[in-house]
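Here is the structure we will look at, set down as C-alpha cells.
As the structure is a computational prediction, the values presented were derived from the model and not from experiment.
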Amino acid sequence: MSAAAAPPKTTGSPPSSSDVVIVGGGIIGSAIAYFLASDSGFGGTVTVIERDPSYRESSTALSAASIRQQFSVPENIAMSLYGIRFLREAAERLAVDGDDGPALSLVEGGYLFLATPDTRGILERNHALQTAAGADIAWLEPADLTARFPWLTTDDVSAGTLGLSGEGWFDAYALLQGFRKKARSLGVTYVDDEVTGFERANGGRGDVSAVLMRSGGRIACGTVVNAAGARAGDVAALAGVELPVRPRRRCVFVFDCREPVPGLPLMVDPSGVYVRPEGDRFICGVSPGEADDPDTLALDVDYPLFDDHIWPILAHRVPAFEAIKQVGAWAGLYEVNTLDHNAVLGPHPEAGNLLFANGFSGHGLQQAPAVGRGIAEWIVHGRWVSLDLSAFSYDRIPANRPVRELNVV
C-alpha cells in the first residue's frame, strides 16, 4: 500500500520503525511530510516527531507571516515564486475529505524596499535579477515614490522597488495546520516527543540507523530529516554533526496610528526596520546587529528596541507615525545560519540518509512549500527535480563557501 493510500494516523505512541523520520513538525517538517506522502513514487511510512505539539513556541506561529520575491540569490527568488503559487492554491491542495482547506487570508500587499544613494546599485542589480526570474517588481524613482505614497519621506531615498503582485502576508498558523492535517490524512504519523539521540553505523561515522527519544522510545529508520527549526544545530550535534544554525530572538511590535496611511505595503526602510498593516493596526520590527544578537531560546520582548530605535526611524520615514501607540508585542525565534543566512538543504556527505532542512534565517515560512517539495523529491529520486537547490548543500559549510543573501530582513 502506498503512503498516499494509507489510513490516517493519530498522534500517539511511536512506531518501532519508519522509512522516514522527520525531526520537527513545524511548517518545514509538515510541508516535507505532506509532499512526501503525496508523491506517487513514494510507498513508505513517514513519522514526524514534534517536541511542542501546542506550537506555542513555534517560529511559524510567532512569525510576521510574509512572503516576497525580492531576494538577491536566484534560488531564493525561485522558491518564493513557487511559494506564492502554492499559497494561492492551498485551500484546494490541502483540502481533506471534501472539507475546505485552510483559509490563509492572503493579502498581496507587496514589499517596498527603499535604497539610499550608496545602496542604489545593489537595489538595481537585485531588481534586474528578480524581474529576469519573472517576479512582478516595479522600479520607483523618488518622484514615483512620492506620487504613489504621498505619506512617505523620500528626501534621503534614491530609489525603491515594489512588488506589484506575489508579495504580501497571510495566516501562517492556518498554513501550518493545513499541512499537518493533510499530511495526517495521507497516513503520516505525528509523535509528541523530543529527539535526544541518534544511532549511526560504522562507529558513529555512517548512516543514521535509529532515532532515540526522551520518552525512551526508539524508531529504526531509513532516512532522517532535520527540520528542527531554531534547535536544528543542537539536533545535528546529537548525530555528531556540526551545523552552524543558532536560535536568535526577533521581536514584533503592534501599534495604532491616529492618521490613515493608505496603501502601505510591507515597507523595509534602508535601516532594516520594517512595518506593514495588520488589520486596522500595524506591526513592525528589525533584526539587531550581530553584536546585539546573542544565541537564545528566550521569548521575552525587548521593549526598549521599539522606543529607542524603531519608533524614531518610523516617524522619520512616515511622519504620520510620529503619533502612534504601542498596543502589543511578541517574540519569536529565527534559525540563523551564521555562515551566510541561507538555508542548508539536502544530505550530509558522510551520513547520506541524514538530510537537512535548516537555517532559513527568517525565510522558512515562505520557502516551506518549495523546500517541502524539494526534500521529498530528494528522498524519492535521490536528486533535486523541480528546482535545483544544490547551491544550499551542506558541503559549503566545511568548505567555508558562503552563498550570500543581501536582502535579509
Worksheet entry | Any donor-acceptor N/O pair, Ser54 side chain to Asp52 backbone, under 3.5 Å | no
Worksheet item: Between the main-chain N or O of Arg68 and the side-chain N or O of Ser80, is there a donor-acceptor pair closer than 3.5 Å?
Response: yes
Fill in: Check: Gly166 main-chain N/O paired with Gln69 side-chain donor or acceptor under 3.5 Å
yes
Listed pairs under 3.5 Å, donor-acceptor, residues 374-384 side chains, sequence neighbours left out:
| residue | atom | partner | partner atom | Å |
| --- | --- | --- | --- | --- |
| Glu377 | OE1 | Ser386 | N | 2.9 |
| Glu377 | OE1 | Ser386 | OG | 3.3 |
| Glu377 | OE2 | Ser386 | OG | 2.6 |

Discussion item. Do Asp155 and Thr153 pair up side chain to side chain, a donor and an acceptor below 3.5 Å, judged on atom types alone?
Written reply: no
Discussion item. Please check: side-chain N/O of Arg248 versus main-chain N/O of Asp293, any donor-acceptor pairing under 3.5 Å?
Written reply: yes
Discussion item. Whether the side chain of Ser209 engages the backbone of Glu199 through a donor-acceptor N/O pair (distance < 3.5 Å, no angle test) should be reported.
Written reply: yes
Worksheet item: Heavy atoms, side chains only, cut-off 4.5 Å: are Ile324 and Phe306 in contact?
Response: yes
Discussion item. Between Thr116 and Thr119, is there a side-chain donor-acceptor contact under 3.5 Å, judged purely by atom types and distance?
Written reply: yes
Discussion item. One pair to check against ring pair (Phe, Tyr, Trp, His ring centres under 6.0 Å): Tyr111 and Phe71. What are the steps and the verdict?
Written reply: CA-CA 11 Å; Tyr111 268 67; Phe71 289 97; 8.4 Å; no
Worksheet entry | Basic-acidic side-chain contact under 4.0 Å: Arg281, Asp256 | yes
Practice prompt. For the pair Tyr34 (side chain) and Leu186 (backbone), establish whether a donor and an acceptor sit closer than 3.5 Å, ignoring hydrogens and angles.
Written response: no
Practice prompt. State whether the side chain of Trp151 and the backbone N or O of Pro262 hold a donor-acceptor pair below 3.5 Å, judged by distance alone.
Written response: yes
Item to complete: Take Leu62 and Leu333 through the side chain to side chain contact (heavy atoms under 4.5 Å, CB included) test and state the conclusion after the steps.
Response: CA-CA 8 Å; Leu62 297 173; Leu333 297 176; over 6 Å; no
Discussion item. Under 4.0 Å between a side-chain nitrogen and a carboxylate oxygen: does that hold for Glu322 and Arg258?
Written reply: no
Item to complete: Decide side chain to side chain contact (heavy atoms under 4.5 Å, CB included) for Leu243 and Tyr394; before the verdict, give the C-alpha distance in whole Å, the side-chain angles of both, and the deciding distance to 0.1 Å.
Response: CA-CA 9 Å; Leu243 182 67; Tyr394 180 90; 4.3 Å; yes
Practice prompt. Apply ring pair (Phe, Tyr, Trp, His ring centres under 6.0 Å) to Tyr274 and list each qualifying residue two or more places apart in sequence or on a separate chain.
Written response: none
Worksheet item: Under the side-chain hydrogen bond (donor to acceptor under 3.5 Å, both in side chains) criterion, do Asn353 and Thr223 qualify, and how do the steps go?
Response: CA-CA 5 Å; Asn353 72 334; Thr223 299; 5.5 Å; no
Fill in: Worked check of side chain to side chain contact (heavy atoms under 4.5 Å, CB included) between Glu167 and Ile137
CA-CA 9 Å; Glu167 296 188 324; Ile137 313 297; 3.9 Å; yes
Worksheet item: Is the side chain of Asn337 donor-acceptor paired with the backbone N or O of Ala343 at a distance under 3.5 Å, no angle test?
Response: no
Item to complete: Would you please say whether a donor-acceptor pair under 3.5 Å links the side chains of Ser165 and Asp136?
Response: yes
Worksheet, complete the sentence: side-chain hydrogen bond (donor to acceptor under 3.5 Å, both in side chains) filter on Asp302, not counting sequence neighbours, yields none
Worksheet item: Rounded to the nearest 0.5 Å, how far does SG of Cys251 lie from CG of Leu305?
Response: 6.0 Å
Fill in: Leu212 side chain reached by Leu238 side chain, heavy atoms, under 4.5 Å
no
Worksheet item: Is there a donor-acceptor pair closer than 3.5 Å between any side-chain N or O of Glu405 and the backbone N or O of Val73?
Response: yes
Worksheet item: Salt bridge or not for Arg200 and Asp207, using N-O below 4.0 Å?
Response: no
Worksheet item: Does Arg249 pair with Asp300 as a salt bridge, N-O distance under 4.0 Å?
Response: yes
Discussion item. Do Asn76 and Gln367 pair up side chain to side chain, a donor and an acceptor below 3.5 Å, judged on atom types alone?
Written reply: yes
Practice prompt. Look at the aromatic rings of Tyr82 and Phe35 and report parallel, tilted or perpendicular, splitting at 30° and 60°.
Written response: tilted
Fill in: Within 6.0 angstrom of Arg88 CZ, more than 12 heavy atoms from elsewhere
yes
Worksheet item: Do Ser58 and Tyr173 meet the criterion of a side-chain donor-acceptor pair at a distance under 3.5 Å?
Response: no
Worksheet item: Among side-chain atoms of His316 and Asp156, is any donor-acceptor pair under 3.5 angstrom?
Response: yes
Item to complete: Indicate yes or no: at least one non-hydrogen side-chain atom of Leu106 is less than 4.5 angstrom from one of Ile84.
Response: yes
Fill in: Phe360 vs Leu345 side-chain heavy atoms within contact, under 4.5 Å
yes
Discussion item. Please determine whether side chain to side chain contact (heavy atoms under 4.5 Å, CB included) holds for the pair Asn342 and Arg396, giving the CA-CA distance in whole Å, both sets of side-chain angles, and the decisive distance to 0.1 Å.
Written reply: CA-CA 11 Å; Asn342 269 313; Arg396 77 186 195 277; 3.7 Å; yes
Item to complete: Report yes or no: do Arg250 and Ser287 form a side-chain donor-acceptor pair below 3.5 Å?
Response: yes
Discussion item. Could you check whether any side-chain N or O of Thr296 sits under 3.5 Å from a backbone N or O of Pro294, counting only pairs where one atom can act as donor and the other as acceptor?
Written reply: no
